[in-house]
Amino acid sequence: MRDYFMNKQVEKIIRKADWTSPSNIAFIKYWGKYGNQLPSNPSLSMSLKNSTTRTIVLVIESRDKPAFQFFFEGFKESTFDKKIDLFLKNAYNFFPSLQNKSLKIESCNTFPHSAGIASSASAMSSLALCICEIAEEKSSNYLNDAEFYRKASELARLGSGSASRSVYGGFSTWGKTSLLENSSDEWATFLDFDIHPVFSKLNDAILIVSSEPKKISSSEGHQLMNNHPYAKERFKLAHKNLECLLKAFQSGDTEEFIRVIENEALGLHSLMMSSDPAFILVKPHTLEIINRIIDFRKKTGLFLCFTLDAGPNVHLIYPDSIKSKITDLINSELLAFCENRKVIWDEIGEGPVRFTSENVKI
Ligand code: PMV
């Protein structure tokens, strides 16, 4: 990652927090919400290792009215101001003392800005972790780890629902379910579960079909679920699929894993296509890649499957043990359908990292 944080600070820094947090890919999709960013069904995702956002929040001395400044990849960036302003208003409800502080927020991604992969999960979770660290450091009863991450997850959720799951590594779930103790609509929890070794090192090759910005935002998509004719059945199915996936995770049933993951991916996009107004995010090359993945699986019997986010890019999920075979498949057959032959090689990650003066030179 280029170091965008080396510019000389002229202000007096009162406090500093510095976190890197990952993007995640949902296996059980969150699509539809109610109230203040609460999910209509539980979701489950895998945190990634390489697609991350690093955010630094500085509390600076200022004689002016408390305010924030935001820099993205080294430049003052005002297009995100509205989102950050809203996020900070939510943060002030959690931590009222923050209101009197002037904040300088600097952020950068490991993946290109217009790579076609959503950055809201990594961006909002890294910002939430920084804010929680800054707000809590002063208090004498510094939150213990589990509580700290729960609070960060709750705050991240208010910025972007899927960001609530990015404060953990491995697999995490968000949304109330009778299947998991401590599950909540308000925050995500780490999936503390005996997962069969066949799923222990999953890779995610993100095949970039298009890096164009989406014509419809996730927020608009979630809203369309409010009057969606299939909403009730969809929310029921998500619970059922979560149950099937958890069982497959325990037993090592890869066929069942594939069935659920692909059902969720195609289900998500069929909800979009049956919304009113309808919208289509997949492209012809998305379908071409999906069909080739299915054919290759039929031919070889290997454990690989696809999933989709709210966009045209295909996430190819497979265990590390068949990496070379999948690399061959991608290079020989799938790259031709990717924009500029672009693929982001990622894998399951261990979650956010906090930088301190001990582990990084700033
Ligand atoms: O977090 P949002 O509001 O960008 O919505 C994310 C929706 C999906 O990525 C399609 C599914 C999910 O659970 O991450």
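Just so you know, ligand 1 is whichever comes first in the structure, and atom 1 is the first atom listed for that ligand. Quick caveat, the model's predicted, so the values are computed rather than measured. Computed over heavy atoms, backbone and side chain alike; hydrogens, waters and symmetry mates excluded.
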Legend entry - Any side-chain donor near an acceptor of the partner, Ser51 and Ser23, under 3.5 Å: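 Side chains of Ser51 and Ser23: no pair found under 3.5 Å.
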Inset, instruction - Ignoring hydrogens and angles, state whether a donor on the side chain of Thr307 or Lys29 is under 3.5 Å from an acceptor on the partner side chain. - result: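 Judged by distance alone, the side chains do pair up.
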Inset, instruction - Answer yes or no: is there an ion pair linking Glu256 with Lys247, defined by an N-O contact shorter than 4.0 Å? - result: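 Judged by the 4.0 Å cut-off on N to carboxylate O distance, Glu256 and Lys247 do not form a salt bridge.
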Starting from [atom], which protein heavy atom do you reach first, and at what distance in Å?
atom: atom 4 (O) of ligand 1; result: Ser218 OG, 3.2 Å
atom: atom 9 (O) of ligand 1; result: Asp309 OD1, 2.7 Å
atom: atom 14 (O) of ligand 1; result: Arg165 NH2, 2.8 Å

Inset, instruction - Could you list the atoms of ligand 1 found under 4.0 angstrom from a heavy atom of Gly161? - result: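 Numbered from 1, ligand 1 contributes 1 (O).
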Inset, instruction - For Ala26, counting its heavy atoms only, list the atoms of ligand 1 lying under 4.0 Å from any of them. - result: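 Going through ligand 1 atom by atom, the ones under 4.0 Å from Ala26 are 12 (C), 13 (O), 14 (O).
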Legend entry - Neighbour count >12 (heavy atoms, 6.0 Å) for atom CD, Glu220: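 More than 12 within 6.0 Å, yes.
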Does any N/O atom on [X] come nearer than 3.5 Å to any N/O atom on ligand 1?
X: Tyr30; value: yes
X: Ser160; value: yes
X: Ser162; value: yes

Inset, instruction - Run the contact test for His222 against ligand 1 with a 4.0 Å cut-off on heavy atoms, strictly below, and give the result. - result: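 Checking ligand 1 against His222, which is what was asked, there is a heavy-atom contact under 4.0 Å.
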Legend entry - Per-residue contact class, Gln37 against ligand 1 - non-hydrogen pairs under 4.0 Å: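 No part of Gln37 is near ligand 1 at this cut-off.
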Legend entry - Ring centres under 6.0 angstrom apart (Phe249, Phe193):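 So the answer is no for these two rings.
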Legend entry - Whether Ser78 side chain and Asp81 backbone form a donor-acceptor pair below 3.5 Å: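 Side chain of Ser78 to backbone of Asp81: no pair is present.
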Inset, instruction - Check Ile28, Ile195, Leu180 against Leu246 for a side-chain contact (heavy atoms from CB on, under 4.5 Å) and give me the one that passes. - result: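 That would be Leu180.
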